[in-house]
Amino acid sequence: MRPDTPAENADHTAEAARLERTAGLYPEDAEALLLQAAAHLELAGDRPAATTLYDRLLSSADGLEKPYLVRALKASNLWEYGHEAEARAIIDGVRAAAPRDPAPWVIVAEALEAHDELEAAQETFTEGASLLLTDVSEPPYATHPLLFGRHRVRRMLGADHDDWDVLADTLHSSPVSLDELHDPKRIWSLGSDNPQELAAEISRLQAELGTYREALSRPFPVAVLHWPASELAELLEAYPTLAAEYPSHEEHLATIEASLRELSASGTPNLGIVTGTVPSYEAFAASEASSPADVDLLPQYATTLAARGRAEEWPPQRGAACWCGSGRGYGECHGQASPGPTPS
């Protein structure tokens, strides 16, 4: 069940309960599962229960992979049922923390936009874009909503196009331009008696729906499997036939970066890296009634990890550590040969 399913067509409360039970069985995936459960509760109209789940995540003793995402979702949810002051305080905290993940920026900016705080929404979108996209060669797939949302808000404010807006236009793949989709006067077309105006608006809505469907059809990245050195050594000791796939750890790392760059150059969006462990891989092989020595199982394992929300975006955000675990910045490690910057 997808969280975008309308409430009248699904029992979102039951789905949330199922996801909570599943989170208890798979604690390593609890964060992603409980976020989905909270989304179902919001769609069911039980916003206080969703807030309870967000609080449960934020108070987790084990810590979170994406704490600012949880905070942003909590703020957006709180504002929707009357807790504006608390929501604003959380939004201010998220902005001050300057997370390197684009999702919290988009969520808090859209919360401000939804409550007619257009200037603040524009500032928030711009802060996120400036932090994550300055001196970046190619905007990662996950950052596109930042640019599209900023374009939309600036269009409503009547602001002139700047470099970020031009970049958003370039990234937008729909046959209907962003300027048309974000035209604040569109709403008047829906009340028109002119068949041509209505037909034009229907075309815009179809294009917009196509964009949403495209995004929903890619719920997780195209992910490449990464083995840390210790895990790869354990894997090859247990299953030596896999040595043909992994001649050395250094070659493994180089192959990952080369594969991702090749996918990016071919136009594949939404790329990521998942990190494997031998116990997890063996458990996956058992669930598939297959041998861990089967090389064909490796890409399936990577896809499963990505579907569980375990993928890290590639390329890493500006200033972030390299995906390989060296401790150095990506630009000083595997990102050294990245092409030049885009306009800012």
Side-chain angles (χ1 to χ4, degrees), residues 2 22-23 25-33 35-36 65-66 101 138 140-142 215-317 320-328 330 333-338:
R2 270 201 330 229
T22 305
L25 296 174
Y26 301 97
E28 69 275 14
D29 298 325
E31 184 174 340
L33 291 168
L35 284 178
Q36 290 183 50
E65 289 184 9
K66 298 182 177 179
D101 178 6
E138 182 69 23
Y141 184 84
L216 288 171
S217 71
R218 297 292 301 279
F220 50 86
V222 174
V224 176
L225 181 59
H226 163 231
W227 296 98
S230 59
E231 294 291 339
L232 184 59
E234 182 180 344
L235 179 74
L236 296 180
E237 182 178 358
Y239 310 103
T241 57
L242 292 179
E245 183 74 12
Y246 303 114
S248 70
H249 189 250
E250 291 74 17
E251 187 169 336
H252 169 52
L253 298 183
T255 299
I256 291 173
E257 182 71 20
S259 299
L260 288 166
R261 292 191 184 207
E262 183 176 346
L263 286 168
S264 179
S266 70
T268 304
N270 200 18
L271 299 172
I273 295 174
V274 290
T275 298
T277 66
V278 174
S280 168
Y281 178 57
E282 289 175 334
F284 173 74
S287 71
E288 295 292 312
S290 182
S291 167
D294 182 359
V295 70
D296 292 334
L297 201 63
L298 295 168
Q300 298 176 44
Y301 175 54
T303 300
T304 299
L305 290 179
R308 291 178 180 174
R310 312 302 294 180
E312 295 295 328
E313 182 184 30
W314 182 94
Q317 297 294 333
C322 189
W323 54 264
C324 71
S326 66
R328 293 183 292 168
Y330 175 67
C333 194
H334 283 89
Q336 282 188 356
S338 294

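All values below were derived from every heavy atom in this structure, side-chain atoms included, with hydrogens, water molecules and symmetry-related copies excluded.
To the nearest 0.5 Å, atoms CG (Leu35) and CG (Asp29) are separated by 12.0 Å. Going from atom CD of Glu313 over to atom CG of Asn270 covers 8.0 Å, rounded to the nearest 0.5 Å. For the atom pair CZ (Arg310) and OG1 (Thr277), the distance works out to 9.5 Å, reported to the nearest 0.5 Å. Atom-to-atom distance recorded for Asp296:CG and Ser291:OG is 11.5 Å, nearest 0.5 angstrom. Atom CG in Leu232 sits 9.0 Å away from atom NE2 in His226 (nearest 0.5 Å).
The aromatic rings of Tyr246 and Trp227 sit perpendicular, their planes meeting at an angle over 60°, well past the 30° parallel limit. Taking the six-membered ring where tryptophan is involved, the planes of His334 and Trp323 are tilted, since the angle between them lies from 30° to 60°.
Ser287 contributes a side-chain N or O that, together with a main-chain N or O of Phe284, makes up a donor-acceptor pair within less than 3.5 Å. Proximity of a side-chain donor or acceptor of Glu31 to a complementary backbone N or O of Glu65 within less than 3.5 Å is detected. A donor-acceptor distance shorter than 3.5 angstrom exists from the side chain of Thr255 to the backbone of Glu251, with no hydrogens or angles considered.
Closest approach of Thr241 and Ala293 over heavy atoms only: OG1-CB, 3.7 Å. Cys333 and Ser326 get closest at one heavy-atom pair: SG-OG, 3.4 Å. Scanning both residues, Arg261 and Gly335, for their nearest heavy atoms gives NH2-CA, 3.6 Å. Across all non-hydrogen atoms, the minimal contact from Leu242 to Pro292 is CD1-O, 3.7 Å. The two residues Leu225 and His252 have their closest heavy-atom pair at O-CE1, 3.4 Å. The shortest heavy-atom contact between Trp314 and Glu257 is NE1-OE1, 3.3 Å.
Judged purely by distance below 3.5 Å, without hydrogens or angles, the side chains of Ser280 and Tyr301 pair a donor atom with an acceptor atom. A donor-acceptor pair shorter than 3.5 Å cannot be found between the side chains of Tyr239 and Glu245.
Within the 4.5 Å cutoff, the side chain of Cys322 has no heavy atoms near those of the Arg328 side chain.
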